[in-house]
Amino acid sequence: MIDLVLVILDGSTRDLGTSYELINSVIVPNLGEDKEGRILIAINQADVAMKGRYWNYEENKPEPPLIKFLEDKVVSVQKRIKEGTGIDVTPIYYSAGFKEEGMEQCRPYNLSKLLYYIIKFTPKEKRLSFVENINRSEEMWKDNDDLKDYRKGILEELGETVTDCATQGADVGGAIGSIFGGAGEAAGRAIGGVVGTVVGVVKAVGKIFGGGSRSSGGGGGCYITTAICEEYGKPDDCYELTAFRGFRDNWLINQPDGKELIDRYYKTAPAVVELINNQKNRTEIYRHLNDNYLAKCLGYIEVGENEKCKDLYVEMMEYLYEEQRKWQ
């Protein structure tokens with residue numbers, strides 16, 4: 001019945017005997033099967049682990065002597081748990097940040113890393129429960145050890161859940177998007193808005209790129225177009241994506257069948273893009289879509305022939321729905 005236990009240790013103290021006793025004698029023996037996948041160890045207060053020495057407050061990160069101290073602590077904790085339980089865990093050191101009364105919130109460090117592993121260790125069908133509770137202040141997730149793009153990893157783990165839900169027939173109305181703020185956040189481009197209420201497995205509602213729904217002018221959510229723009233090395237705020245988002249938010253949504261078309265697109269497009277990306281000829285596929293559909297649609301938008309753009313858009317999606325059977 002236990003999906004995951006997160007044990008937080010105080011990085012500023014050497015007296016961890018009680019914590020080891022709790023881990024070795026109480027927690028691990030009650031985890032059942034796959035113990036290593038059900039426990040995370042996090043060492044907090046990395047910034048004061050050496051009484052505040054060797055912490056670069058300006059850049060909000062540890063300097064080499066502190067990094068070595070923290071890594072030695074990770075190895076020590078790992079060894080003690082291995083000796084006591086026989087399982088291998090790799091602790092994560094971080095700083096949650098702090099806020100004294102009347103003072104500004106200090107930025108956390110490695111919080112994205114911690115969240116990434118929490119989500120990764122959580123059963124796939126339960127990951128979306130985190131989404132609405134994630135702090136959307138970009139400052140909270142900014143500073144990390146940069147060993148991995150943790151924010152992108154978080155979005156990929158959540159996006160994988162959404163994709164699986166979609167293939168099982170859940171009503172996924174949006175994608176997961178840049179929950180960390182910033183319209184230019186590359187990690188969120190292909191994943192979309194913020195997951196909201198649950199219907200069946202999950203129902204997504206769009207809060208795209210730091211505020212606003214997918215139908216209120218926010219960025220993101222244009223899966224096929226975004227994927228093609230990325231293929232051509234264009235940014236998220238490029239002319240094409242901006243034009244298509246304007247078409248979607250200011251015209252298509254107001255048509256009698258507009259919402260139905262958009263909802264269907266958000267329900268199926270993530271899986272289609274994933275299939276295309278797994279094809280050896282993905283560049284050829286994206287070029288075909290751009291030359292035969294999107295470039296022509298853009299031309300219609302530029303001259304105000306939105307109805308023709310809509311018709312071509314529907315034709316493109318019908319083509320993709322047929323082709324995806326070959327790519328599976």
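Position 1 is the first residue of the sequence; numbering continues from there.
For Lys61, the NZ atom sits in a loose shell: 12 or fewer heavy atoms of surrounding residues, nucleotides or ligands are nearer than 6.0 Å. Counting heavy atoms of neighbouring residues, nucleotides and ligands inside a 6.0 Å radius, atom CD of Glu260 does not exceed 12 of them. Within 6.0 Å of NZ on Lys35 lie more than 12 heavy atoms contributed by other residues, nucleotides or ligands. Within 6.0 Å of the CZ atom in Phe69, the count of heavy atoms belonging to other residues, nucleotides or ligands exceeds 12.
Of all heavy-atom pairs spanning Leu16 and Thr13, the tightest one is CD2-CG2, 4.0 Å. Residues Leu66 and Ala49 come closest through the heavy atom pair CD1-CB, 4.1 Å. Of all the heavy atoms in Val48 and Ser12, the pair that sits closest is O-CB, 3.7 Å.
No side-chain heavy atom of Phe121 sits less than 4.5 Å from a side-chain heavy atom of Ile39. Side-chain contact between Asn44 and Tyr94 is present, with at least one heavy-atom pair separated by less than 4.5 Å. Side-chain contact check for Asp311 versus Tyr300: every heavy-atom pair is 4.5 Å or farther apart.
Salt-bridge formation is not detected for the pair Arg287/Asp291: no Lys NZ or Arg NE/NH1/NH2 atom is positioned less than 4.0 Å from an Asp or Glu carboxylate oxygen. Using a cut-off of 4.0 Å between Lys/Arg side-chain N and Asp/Glu carboxylate O, Glu318 and Arg264 are scored as salt-bridged. Ion pairing between a basic and an acidic side chain is recognised when a charged N comes within 4.0 Å of a carboxylate O; Lys326 and Glu323 show such pairing.
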_Worked check of side-chain contact (heavy atoms from CB on, under 4.5 Å) between Lys79 and Glu83_ = CA-CA 6 Å; Lys79 182 179 179 181; Glu83 290 174 349; 3.2 Å; yes
